[in-house]
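Right, one structure below, let's go through it.
Order of the sequence lines fixes the chain letters, A, B, ..., with proteins taken first and strands second; residue numbering starts at 1 for each chain. Computation of the quantities below employed the complete heavy-atom set of this structure, encompassing side-chain atoms and omitting hydrogens, waters and symmetry-equivalent molecules.
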Amino acid sequence: GQQVMQIPQYQHVQEGEDFTTYCNSSTTLSNIQWYKQRPGGHPVFLIQLVKSGEVKKQKRLTFQFGEAKKNSSLHITATQTTDVGTYFCAGPPGGSYIPTFGRGTSLIVHP
Amino acid sequence: ETGVTQTPRHLVMGMTNKKSLKCEQHLGHNAMYWYKQSAKKPLELMFVYSLEERVENNSVPSRFSPECPNSSHLFLHLHTLQPEDSALYLCASSQRTGDSYEQYFGPGTRLTVT
């Protein structure tokens, strides 16, 4: 079955440093979704990318979808303590609506 | 956020009890999901209901039984659970049609099996 890998599993940064998490799927995705889960909270949808090579920005967050629609990345510029949480990527294989979630990358920001 | 609600928020039950988790979505979506989230494990999809179709993860034990009476309500019936079933149970909803498949999660039910 489809597998979605995410690296790294954990990332410690000093406040102000940049952060990147990578997502790779074993199969071509119809789209890629990114979610954030704060400690003690539930996953919250951030963004969806659909087109090959698509890049979207939300303030300090930059999301990319690979040309082959099998990989994606999330980059945060100048992290803040409010960025703390686990970031999940998720994507349905082509023809499906049910996404497979990655294991997530937990971001820890030290003030 | 009140788009997807779950009750109860916390549940402690013994291994011989029977309980049910409830989920309700107010977003007009046509797909609803149950996930299990354990510490140090990825989100595990348990069941999906969409347009009268049910999809299930074959690895989910039969002591978990879903019910979806309509497109807005989803239940997870629990009986004779094991301590390893202690986890956060998340409900989510999404659209199955169109271009946007993003999922909206409820706050979850924190389940402890004693």
Next on the checklist: Could you measure the distance from the OH atom of A:Tyr97 to the OG atom of B:Ser94? Nearest 0.5 Å is fine.
Outcome noted: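 These two atoms lie 7.5 Å from each other.
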Between the CD atom in A:Gln37 and the CG atom in B:Leu88, the distance rounded to the nearest 0.5 Å is 7.0 Å
Looking at [X], I'd like to know if its [atom1] atom is crowded, meaning that more than 12 non-hydrogen atoms belonging to other residues, nucleotides or ligands lie closer than 6.0 Å.
X	atom1	result
B:Gln82	CD	yes
A:Phe45	CZ	yes
A:Lys56	NZ	yes

Are [Y] and [X] connected into the same hydrophobic cluster when the rule is that any two of I, L, V, M, F, W, Y join if their side-chain heavy atoms are below 4.5 Å apart?
X	Y	result
B:Leu43	B:Leu45	yes
B:Met46	B:Tyr33	no
A:Leu61	A:Leu49	yes
B:Leu76	B:Val113	yes

Scored by heavy-atom pairs under 4.5 Å with chain B, the best of A:Pro99, A:Gly41, A:Ser96, A:Ser106 is A:Pro99
Quiz item: Between A:Phe101 and B:Tyr35, what is the ring plane arrangement, given parallel below 30°, perpendicular above 60°, and tilted in between?
Solution: perpendicular
Turns out that what part of B:Ala92 lies under 4.5 Å from chain A's heavy atoms comes down to neither
Bottom line for B:Gln37: the part with an atom under 4.5 Å from chain A's heavy atoms is side chain
Can you find a pair of side-chain heavy atoms, one from A:Ile98 and one from B:Tyr101, that are under 4.5 Å apart? no
Check your understanding: Looking at B:Pro42 and A:Arg103, what are the two nearest heavy atoms and their distance?
Key ->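 Residues B:Pro42 and A:Arg103, closest heavy atoms: CD-NH1, 3.4 Å.
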Looking at A:Tyr35 and B:Gln103, would you say the former's side chain and the latter's main chain have a donor-acceptor pair under 3.5 Å?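 Indeed, once roles are kept as given, a pair shorter than 3.5 Å links the two residues.
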I'd like to know if the side chain of B:Glu102 and the backbone of A:Gln48 have a donor-acceptor N/O pair within less than 3.5 Å.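 Not a single qualifying donor-acceptor pair exists.
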